[in-house]
J.: 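The structure is given below, and queries will be raised subsequently.
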Amino acid sequence: MNTLNKTLALIALASSSAAFAGTDFDTLDVDGSGTISQSEAAVDAKLMSQFAELDTDGNGELSKAEFSKA
């Protein structure tokens, strides 16, 4: 069920114009984990193109500090 909720939240975010108007860490952190996963970042093509470079610790998620370098 939790995965379903995350998926629905990502779909809602992707379909909203706010997702493309600008990237805000808290908006992209759909599950509130304090990091942005690759699936959360997928709604922003520019962020996805930089994801590997920004993920300096290589854990597959962007911290607020890593995201701030975008």
Side-chain angles (χ1 to χ4, degrees):
M1 185 78 165
N2 194 15
T3 302
L4 177 61
N5 288 340
K6 288 179 187 178
T7 302
L8 291 174
L10 284 172
I11 290 169
L13 180 62
S15 65
S16 74
S17 61
F20 303 104
T23 52
D24 172 73
F25 184 89
D26 294 326
T27 300
L28 291 171
D29 181 19
V30 174
D31 65 4
S33 66
T35 61
I36 298 172
S37 66
Q38 286 186 331
S39 63
E40 290 171 322
V43 299
D44 186 304
K46 182 180 177 188
L47 182 59
M48 277 306 295
S49 71
Q50 301 174 348
F51 195 95
E53 180 183 330
L54 294 171
D55 183 18
T56 55
D57 63 6
N59 70 347
E61 299 177 322
L62 298 180
S63 66
K64 219 170 217 183
E66 289 169 328
F67 177 80
S68 71
K69 296 176 184 172

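Just so you know, these numbers use all the heavy atoms, side chains as well, and skip hydrogens, waters and symmetry mates. These figures come from a predicted structure and were not determined experimentally.
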J.: Hey, does the side chain of Glu66 reach the backbone of Asp57 with a donor-acceptor pair shorter than 3.5 angstrom?
T.: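 Checked: pair present.
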
J.: Could you check whether any side-chain N or O of Glu53 sits under 3.5 Å from a backbone N or O of Gln50, counting only pairs where one atom can act as donor and the other as acceptor?
T.: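 No, the answer is negative, given that no donor and acceptor are paired below the 3.5 Å cut-off.
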
J.: At what distance, to the nearest 0.5 angstrom, does CG of Asp55 lie from OG of Ser37?
T.: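 Reported value, rounded in 0.5 Å steps: 11.0 Å.
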
J.: Side chain to side chain contact (heavy atoms under 4.5 Å, CB included) between Leu28 and Leu62: does it pass, once the steps are laid out?
T.: CA-CA 10 Å; Leu28 291 171; Leu62 298 180; over 6 Å; no

J.: Main chain of Gly34, side chain of Asp29: is a donor-acceptor contact present, judged purely on distance under 3.5 Å?
T.: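 Judged by distance alone, yes, a pair lies under 3.5 Å.
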
J.: Taking all non-hydrogen atoms of both residues into account, name the closest pair between Leu47 and Ala41 and its distance.
T.: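 So the minimum-distance heavy-atom pair works out to CD2-CB, 3.7 Å.
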
J.: Output every pair passing ring-ring contact (aromatic ring centres under 6.0 Å, His included) with a member in residues 38-70, not counting sequence neighbours, ordered by first then second residue.
T.: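 Residue pairs with at least one partner in residues 38-70: Phe25-Phe67.
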
J.: When rounded to the nearest 0.5 angstrom, what distance separates CG in Asp44 from CG in Asp24?
T.: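 Those atoms lie 11.0 Å apart.
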
J.: Work out which heavy atom in Met48 is nearest to a heavy atom in Gln38; give both atom names and the distance.
T.: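 Minimum heavy-atom separation between Met48 and Gln38: SD-O, 3.6 Å.
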
J.: Looking at Glu40 and Thr35, what are the two nearest heavy atoms and their distance?
T.: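 In terms of heavy atoms, the two residues are closest at OE1-O, 3.2 Å.
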
